[in-house]
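Take a look at the structure below.
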Protein chains: 2
Amino acid sequence: MAHASAQRGKATRQRLLDAAVALVSEVGWGGVSTRLVAERAGVAPGVVHYHFPSVTDLLVAAGLGFTGDLLDGFAAELAARAEIGEGVDWMLGELSRYSGTDPASLLVVEMFLASTRVPELRVRLREQLVTFRARVASWLTERGYRGEDALGAATMLAASVDGMLLHRALDPDFDLAAMAGPLRTMLGL
Amino acid sequence: MAHASAQRGKATRQRLLDAAVALVSEVGWGGVSTRLVAERAGVAPGVVHYHFPSVTDLLVAAGLGFTGDLLDGFAAELAARAEIGEGVDWMLGELSRYSGTDPASLLVVEMFLASTRVPELRVRLREQLVTFRARVASWLTERGYRGEDALGAATMLAASVDGMLLHRALDPDFDLAAMAGPLRTMLGL
DNA sequence: GATCGACTTGGGCAACTGTCCAAATAGTAC
DNA sequence: GTACTATTTGGACAGTTGCCCAAGTCGATC
């Protein structure tokens, strides 16, 4: 092999990314420090700036990796449903697994917020979102969506999901089941 | 008068609250420091801890004051509309004034996020939200909402609004007008 | 053996943080 | 004048921050 140290380096880099994902959820985007992420990854503080130009760069890379995987998985699951109603049911079931205060939800909201202050993050997160909306829209169309604007409905759907997560974080009694009616009505079911 | 200094004190306190509201939007909840907020308010750093036990207490008080006023105004405007359709139109028009990256929107999202780590903030912000949802639900009912669960619809509506703000922050091309269709359908119009 | 490259270490640096507090200020009451 | 209260000042304190870097480790190659 080329260099064994290069392989170890890749592994270290990945551990830093994983640690960053976990820590953004726990202490917030701005609460992740060089030493904290290094300790969590089990490496010396200096390693962080060897693998990444700055702490922000590490957080951007880690966050985008996470949301990219999340959206891909979400779109793939939707694609596996033969009817829109089935998809909505699956979606609400899936949504119930995210309390709004779980690590994944917190990371997503942190990224929305950080993207207003980190231009590169905003651009790339937007790309992921635009792609996702398009995939949902074509899924709707292929399943016989009867409304005029499938992309509009997909956009509304994606925004609603994040809004519900946001409100669920605040309100443990948030009635997710009660959302099924309005959601189905919105999609013409 | 009792004490002129007490009156000056109240004014200073208010300037600190105003400065905190502005700064949370600009630099984020975690980015507001003692000296930064003092400088913005035009006072010495020590004043902050004279009027508030901690910087967090200042931020909580400032944020809750802002969202309380915002939700009150929003509910009052809705109440002034005779029909649900009118209310939705007004809402979308109002929403277009919030880009998602404007100070008010950013403050709201910052508060959602901070509330996951500041218990007192979560409890009181939730109270404001629950009250707001109830006001919207009774507004819907009084205007002849035909669905089964007005509170569910109000909850979905409030969550959707915040979700749209979140997504609009990321995507300047977010088509608000295209949301009118799905929204009206959701409310049975 | 020696040499090379990639990676890792741990400490140094200036700048910043929240909180505290002795001292100063100023308006009110006697 | 003195006494009292409320507010304000600016510096002190220990702790943390991002980033940097000389020195070190370690496996691969000659």
Side-chain angles (χ1 to χ4, degrees), chain A residues 1-24 26-63 110 113-114 117-121, chain B residues 1-24 26-63 110 113-114 117-121:
Chain A
M1 75 191 64
H3 271 113
S5 55
Q7 281 218 345
R8 273 189 307 130
K10 278 279 176 192
T12 300
R13 196 188 130 95
Q14 189 56 52
R15 265 187 299 146
L16 284 171
L17 290 169
D18 294 343
V21 165
L23 284 172
V24 168
E26 292 175 32
V27 299
W29 184 276
V32 182
S33 69
T34 314
R35 289 155 184 83
L36 193 59
V37 72
E39 188 193 25
R40 177 66 63 97
V43 297
V47 177
V48 175
H49 286 85
Y50 176 79
H51 288 282
F52 299 92
S54 72
V55 173
T56 299
D57 285 279
L58 164 58
L59 297 183
V60 167
E110 289 282 354
L113 214 32
R117 288 182 261 269
V118 182
E120 193 213 336
L121 177 59
Chain B
M1 72 189 68
H3 272 112
S5 55
Q7 281 219 344
R8 272 190 309 131
K10 278 279 176 193
T12 301
R13 195 188 130 96
Q14 188 56 52
R15 264 187 300 146
L16 283 171
L17 289 169
D18 294 343
V21 165
L23 284 172
V24 168
E26 291 175 32
V27 297
W29 185 276
V32 182
S33 70
T34 313
R35 289 154 184 84
L36 192 59
V37 72
E39 187 193 26
R40 176 67 61 96
V43 298
V47 177
V48 175
H49 287 84
Y50 175 80
H51 287 283
F52 299 92
S54 72
V55 173
T56 300
D57 285 279
L58 163 59
L59 297 183
V60 167
E110 288 282 355
L113 216 32
R117 287 182 260 270
V118 183
E120 191 211 339
L121 176 60

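Proteins get letters first, then strands, A, B, ... in listed order; numbering begins at 1 in each. Note that the structure is a prediction, hence the values are computed from the model and not measured.
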Task: Min side-chain heavy-atom separation A:Phe52-A:Leu16 under 4.5 Å - done: yes
TODO: Could you tell me whether the side chain of B:Val21 reaches within less than 4.5 Å of the side chain of B:Leu17, counting heavy atoms only?
DONE: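 No, every pair of side-chain atoms sits at 4.5 Å or beyond.
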Open item on the list: Measuring from atom CG of B:Leu58 to atom NE2 of B:His49, what distance do you get when rounded to the nearest 0.5 angstrom?
Closed with: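 B:Leu58 atom CG to B:His49 atom NE2 measures 9.0 Å (nearest 0.5 Å).
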Compare every heavy atom of [Y] with every heavy atom of [X], then report the nearest pair and how far apart it is.
| X | Y | answer |
| --- | --- | --- |
| B:Leu59 | B:Ala20 | CD2-CB, 4.0 Å |
| A:Arg117 | B:Val24 | NH1-O, 4.2 Å |
| B:Leu36 | B:Gly31 | CD2-O, 3.7 Å |
| B:Pro45 | B:Ala38 | CA-CB, 3.6 Å |

Task: Minimum-distance nucleotide (side-chain atoms of A:Val55 versus D:dT9, D:dG18, C:dT8) - done: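 For A:Val55, the side-chain atoms sit closest to D:dG18.
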TODO: With sequence neighbours excluded, give me every salt bridge (charged side-chain N to carboxylate O under 4.0 Å, His left out) pair touching residues 28-41 of chain B.
DONE: B:Glu26-B:Arg40
Could you state the [atom1]-[atom2] distance from [X] to [N], rounded to the nearest angstrom?
| X | N | atom1 | atom2 | result |
| --- | --- | --- | --- | --- |
| B:Arg13 | D:dT7 | CZ | P | 11 Å |
| B:Asp57 | C:dC20 | CG | P | 11 Å |
| B:Gln7 | D:dT7 | CD | P | 11 Å |
| A:Arg8 | D:dG24 | CZ | P | 18 Å |
| B:Leu58 | C:dG18 | CG | P | 11 Å |

- [ ] Could you list by number each residue of residues 45-54 of chain B showing a heavy-atom separation from DNA chain D of less than 4.0 Å, or answer none if no residue does?
- [x]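 Contacts with DNA chain D under 4.0 Å: B:Gly46, B:Val47, B:Tyr50, B:His51.
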Task: Contact list for DNA chain D against residues 33-41 of chain A - heavy-atom distance below 4.0 Å - done: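 A:Ser33, A:Thr34, A:Arg35 - these, ordered by number, are the residues of the stretch whose heavy atoms sit under 4.0 Å from the strand.
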Task: Below 4.0 Å: OP1/OP2 of D:dT8 and any side-chain N or O of B:Thr12 - done: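 For D:dT8, OP1/OP2 do have a side-chain N/O of B:Thr12 under 4.0 Å.
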